[in-house]
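First up is the structure itself, then whatever we jot down about it.
Position 1 is the first residue of the sequence; numbering continues from there.
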Amino acid sequence: MPTDRTFSVLDVLTRSGAQRDRFITALDATVDTDAALVSDVLRVTGRVGAALAVRTTLVELCALLRALDAWEAGTITLAELGRGIDAHAARTDDFERFGSARVDLRTLVELLVRARDRARNDTLAPDVRAAAERPLRAQVAFLHASLRTWLLEELTGAADGALASPAASPEPAPTDPAEVDDTERARAFNALAEELLTGTAYFDFRGLVAAAWRRGWSAVPRDGERLGEDGAELGRFVAALRDLEVDGLVQVDLAPRARWQLTGGRIVLADGLRRIALRALDADGVAAAIAERPAHALFTSPGGDFAYLEGDEHHVVAGPRAFVEAVCGASTGEALAAFREYVEARAGSADDDPPRH
């Protein structure tokens with residue numbers, strides 16, 4: 001693991017370099033995702049023989065847009081974004097290969113270089129610095145949107161990403177009627193999930209325990225991976241939610257979705273957000289929440305009143321003490337003792353490796 005946390009977009013685009021771990025963690029994808037998308041789109045639109053330079057340009061701009069997405073989501077800083085794009089500009093002959101998009105890219109580089117130079121001599125207080133950065137952030141966001149539109153038009157011929165021959169593309173996957181498709185609402189729920197899952201905005205230690213400590217909650221690990229594996233606990237969980245007077249069950253898949261998706265003749269820009277479903281606290285809503293799904297999930301409420309985190313060998317119930325004890329059917333001390341017994345029994349089994357958590 002490298003100790004130098006600096007990086008550049010080059011590390012993603014060239015699949016080399018000692019600092020690629022930062023990008024892979026931040027963007028949750030490698031260049032392979034974008035290369036596959038570009039190849040699929042060119043195939044569907046009949047441009048299979050597009051020159052290698054065209055393919056390279058499109059893939060590289062995909063990666064740049066992913067870096068911009070990561071900045072807007074707060075995963076990387078403005079300074080880190082600037083270093084990456086500055087390095088990329090030097091590698092690509094000042095973006096000459098990007099056609100009409102090179103004006104936006106040059107402007108973006110100039111903005112970020114000026115911001116970097118100002119930061120070197122910046123003695124402003126954090127709140128004053130944040131206020132001074134707002135115009136710059138607005139300009140970068142505008143250029144981000146402009147570059148995205150250019151890429152979609154280059155790929156598909158349409159600004160909204162619709163392909164000219166949708167019949168040749170895969171059929172769309174069935175959608176979950178409870179899935180949150182409003183971008184702003186999805187971003188808000190993703191931010192809530194991130195705070196519950198990491199707590200890194202507030203503490204040096206990570207995880208749901210950090211968020212629970214900040215909120216004054218109790219948190220108890222339990223045997224079993226998924227919601228619904230223990231029917232008795234599930235009944236107590238639903239009853240406890242009603243006592244907590246929450247207005248819905250938010251299901252957040254732990255695995256972020258791919259940045260780009262080719263679905264039903266259209267490029268869907270998922271922006272790496274986790275899939276969110278907002279379910280009612282009735283029989284249908286609960287049944288949908290515990291149905292088979294590809295990834296573990298975090299369950300909470302729209303207001304973040306509790307957390308139920310699934311895992312590979314156990315789950316964690318967190319929230320006000322009364323809620324946690326109601327779900328566990330025991331005091332927190334008794335529930336922790338029961339989990340300790342489970343771990344010790346697993347650790348003593350010759351047929352299984354000791355659980356790491």
Exercise. Quick one: pull up CD in Glu154 and OG in Ser100 and give me the separation to the nearest 0.5 Å.
Key: 6.5 Å

Exercise. Could you check if a side-chain atom of Pro302 sits within less than 4.5 angstrom of a side-chain atom of Leu278, using non-hydrogen atoms only?
Key: yes

Quiz prompt | Donor-acceptor contact below 3.5 Å, side chain Glu195 vs main chain Ala191 | solution = no

Quiz item: Under 3.5 Å, is there a donor-acceptor pair linking the side chains of Thr107 and Glu110?
Solution: no

Quiz item: If we only count heavy atoms from C-beta on, is the Asp253 to Gln251 side-chain gap below 4.5 Å?
Solution: yes

Quiz item: Donor-acceptor pair, Asn190 side chain versus Arg274 backbone, under 3.5 Å?
Solution: yes

Self-check item: Note, Leu196 side chain near Leu192 side chain (heavy atom, < 4.5 Å)
Solution: yes

Quiz item: Got a sec, which hydrophobics cluster with Val324, joining ILVMFWY side chains under 4.5 Å apart, including via others?
Solution: Val220, Leu227, Leu234, Phe237, Val238, Leu241, Leu244, Val246, Leu249, Leu281, Val286, Ile290, Phe299, Phe306, Tyr308, Val317, Phe323, Val327, Leu336

Quiz prompt | Donor-acceptor contact below 3.5 Å, side chain Glu325 vs main chain Thr332 | solution = yes

Quiz item: Do side-chain atoms of Glu310 reach the backbone of His296 as a donor and acceptor pair under 3.5 angstrom?
Solution: no

Quiz item: So do Leu68 and Leu108 actually touch side chain to side chain, heavy atoms under 4.5 Å?
Solution: yes

Quiz item: With distance as the sole test, does His314 use its side chain to make a donor-acceptor pair with the main-chain N or O of Asp223 at under 3.5 Å?
Solution: no

Quiz item: Is there a donor-acceptor contact under 3.5 Å from the side chain of Glu334 to the main chain of Ser331?
Solution: yes

Quiz prompt | Shortest non-hydrogen separation from Arg279 to Ala288 and the atoms involved | solution = NH1-CB, 3.3 Å

Self-check item: Contacts of Ala138 that satisfy side chain to side chain contact (heavy atoms under 4.5 Å, CB included) - sequence neighbours left out
Solution: none

Quiz item: Would you say Arg215's side chain and Ala212's backbone share a donor-acceptor pair under 3.5 angstrom?
Solution: no

Practice problem: Would you check, one step at a time, whether the test side chain to side chain contact (heavy atoms under 4.5 Å, CB included) holds for Phe189 with Val180? | Solution: CA-CA 9 Å; Phe189 282 142; Val180 176; 4.2 Å; yes

Practice problem: Sequence neighbours left out, what pairs pass side chain to side chain donor-acceptor pair (under 3.5 Å) with at least one residue falling in residues 237-248? | Solution: none

Quiz prompt | Side-chain donor/acceptor of Arg321 to backbone N/O of Ser218, under 3.5 Å | solution = no

Quiz item: Is any side-chain heavy atom of Leu298 closer than 4.5 Å to a side-chain heavy atom of Val250?
Solution: no

Practice problem: Return yes if a side-chain donor-acceptor contact under 3.5 Å exists between Glu233 and His315, otherwise no. | Solution: yes

Exercise. Find the distance between CG (Leu143) and CG (Leu105) and round it off to the nearest 0.5 Å.
Key: 8.5 Å

